[in-house]
Amino acid sequence: MVEQPAIGDNDRVVVHRLSKRFGNVQAVADVNLRVRVGEAMVIVGPSGSGKSTVLRCMNHLEVPTKGAIYIDGVHLEDPKTDINAVRKEMGMVFQQFNLFPHLTVMGNLTLAQKRVRRRSQKEAEEIGMQQLNRVGIPEKARMKPAQLSGGQQQRVAIARSLAMNPKVMLFDEPTSALDPEMINEVLDVMRELAASGMTMVVVTHEMGFAREIGSHLVMMDEGRVVEEGNAAEVFANPQNERTRAFFSKIL
Amino acid sequence: MRPVQVPGAAAIETDPLGIEASQERGEFPYWLVLMLLIIGLFAYLTFFDPTYVGARRAILPGLGITIRATLIAFVIALVIGLIAGLGRIARNSVVRTLATTYVEFIRGVPMLVLIFAVALVIVPLLADALGFSNRLPQEVRAIIALALIYGGYIAEVFRAGVESVHPGQLEASRSLGMPHSSAMRHVVIPQAVRNVLPALGNDFISMLKDSSLLSVLGVTEITQQARIFASSTFQFREGFLVLTFLYLTMTLVLSLLVAWLGRRLKRG
């Protein structure tokens, strides 16, 4: 058992000495991160650098091999922790959207509100409609996900998470499965979210976006954090050799 | 969105009659025309030829029992199959082991042997143990046998159905804070059932045909009626032609329904 880290009132997510192995592959090796309230952390790095695994550990979709995750001070890996209670305060947006295809857009937005937040149908629909307005597609409420474009589906997925009133939003490469012309409509929603003060952790390949909204940039390579700091400073003056090499390839 | 390949999805047959495949090849389904001619001829003989009157009158009364036994057994088999199918993929290893043993046991023994075993050994033993009368009617025993056997087959259909639902669906529901049971009930199982409807339809057709095996227990469904009629009158041709006509009509109608359902579901 690892020693408990110091956790301040302002620390929404603390990743403490996190390691994750898949068979013989060391996906994540001894990663420490801190996401403060209202901060937008952007994690970048080459494919296979372990950034998605770190994000998935934050919501217990992957169970760490070693180390610990604390959400608002609650230890996720503690067997006594009610994981559903923690998860209802966190939104997660996936690369493949993962909308429920058998439900309408509104059905997608209201299911967890009713089952988890115990809201009435009427209340859930009202909140669902607010969130659809926020992502700019209120007119799609009665459609099935398959009738929407990829960008619209991802915006519905974001609205679905927001309808739960989360304290932190996790984004796992939210634009990687989209056609280029649809990327911006999703990034616009995320920009608005960051500007509104939502605490966010974003794994992405969109460097322009990372530079623009990331208050805190984390560069990962081979399962480790190789550099982190204020996004503007890291972009302007990367200290680490591998960060420089990565930026020169991508930018 | 890119289509996602999921293991198990291939096991779910959606075009059993090959109608879609033949349409894609631009072929007219001539087999269907021939089949309708054969059924038409059999229907004419059954209903209008005077030499078939005896066979028709002897066999038709069994039709009600065939349909009733199949319907009741199928409903019970659906319940058993859903429970056993979910048991096959349960996280609890005891449940998983029990469900797998049941399914593999059923799949490893010929249906005829199972029908004898269930109706003549297992049901009397259970009735004894539970203090019921041992004199359950043969039709009830036969229905229990069919339901237990098809419960094992349908369990595999449901398992494949659940595995055909993309794992991201469960992850998305869990990430919204839904407990595992609630995510299964509201997100995974509705999609799984939809995916396996055509396969379940095919199992219903198989069961209708396999209900003929109940004749070995003396249940007076159509096959038993035909056997009695043929052996007492020596009108084998008449007896078995009427019998074949009845099965073929029912299965063809059902197969076309299943094929139509499969195409409708595919279109979404």
Side-chain angles (χ1 to χ4, degrees), chain A residues 55-56 58-62 82-103 107-118 144-154 156-157 160-166 169-172 176-179 182, chain B residues 1-9 12 14 82 85-86 89 91-93 157-158 160-201 261-268:
Chain A
L55 193 79
R56 288 167 60 80
M58 287 182 188
N59 132 337
H60 209 60
L61 286 176
E62 301 290 352
D82 176 2
I83 187 65
N84 296 321
V86 181
R87 278 178 175 152
K88 75 178 179 189
E89 311 293 339
M90 307 173 86
M92 175 103 179
V93 176
F94 300 87
Q95 185 177 344
Q96 293 289 350
F97 329 138
N98 295 343
L99 292 180
F100 307 136
H102 61 302
L103 301 176
N108 270 271
L109 288 161
T110 54
L111 179 62
Q113 290 192 66
K114 289 185 289 182
R115 295 286 146 201
V116 181
R117 288 267 182 226
R118 302 279 162 209
K144 286 286 183 72
Q147 295 171 280
L148 306 183
S149 72
Q152 290 169 339
Q153 290 191 47
Q154 191 62 299
V156 171
R160 178 173 69 178
S161 288
L162 291 176
M164 294 293 286
N165 305 107
M169 288 283 289
L170 310 177
F171 292 87
D172 188 4
S176 296
L178 295 175
D179 292 332
M182 292 171 184
Chain B
M1 189 172 153
R2 306 166 196 164
V4 185
Q5 284 303 314
V6 179
I12 302 165
T14 54
L82 183 60
L86 291 177
I89 46 177
R91 289 175 298 176
N92 182 315
S93 70
V157 172
F158 276 122
V162 168
E163 285 174 354
S164 75
V165 176
H166 192 273
Q169 292 290 310
L170 190 60
E171 289 190 347
S173 341
R174 296 305 307 275
S175 78
L176 289 163
M178 290 167 74
H180 187 267
S181 56
S182 175
M184 288 298 284
R185 202 171 109 214
H186 297 287
V187 175
V188 177
I189 291 175
Q191 294 181 59
V193 167
R194 207 185 127 94
N195 289 351
V196 299
L197 279 179
L200 289 178
L261 176 74
R263 283 202 305 274
R264 233 187 80 122
L265 286 174
K266 223 180 206 177
R267 263 187 275 124

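Each chain gets a letter, A, B and so on, in the order the sequences are listed, and its residues count up from 1. All values below come from the heavy atoms of this structure, side chains included, with hydrogens, waters and symmetry mates left out.
At least one donor-acceptor pair under 3.5 Å links the side chain of A:H102 to the backbone N or O of B:H186. In this structure, the side chain of A:N98 does not engage the main chain of B:A172 through any donor-acceptor pair within 3.5 Å.
Note that the OG atom of B:S175 and the NZ atom of A:K88 stand 14.5 Å from one another [nearest 0.5 Å].
Contact of the A:N84 side chain with the B:M178 side chain is not registered, since no non-hydrogen atoms from C-beta on lie closer than 4.5 Å. No side-chain heavy atom of A:L103 sits less than 4.5 Å from a side-chain heavy atom of B:V187. For the pair B:Q169 and A:P101, the minimum side-chain heavy-atom distance is below 4.5 Å.
For B:S182, the part lying near chain A is the side chain, with the backbone staying farther off; criterion is any non-hydrogen pair under 4.5 Å. In this structure, chain B has heavy atoms under 4.5 Å from both the backbone and the side chain of A:F100. Looking at A:M90, the atoms closer than 4.5 Å to chain B (heavy atoms on both sides) all sit in the backbone: N, CA, C or O. Using a 4.5 Å cut-off between heavy atoms, A:L170 makes no contact with chain B at all.
Residues A:S161 and B:L176 come closest through the heavy atom pair CA-CD2, 4.2 Å.
For residues 165-181 of chain B, the set of pairs meeting the salt bridge (charged side-chain N to carboxylate O under 4.0 Å, His left out) definition, not counting sequence neighbours, comprises A:R56-B:E171.
In this view, A:R117 and A:E89 satisfy the salt bridge (Lys or Arg N to Asp or Glu O under 4.0 Å) rule, not counting sequence neighbours.
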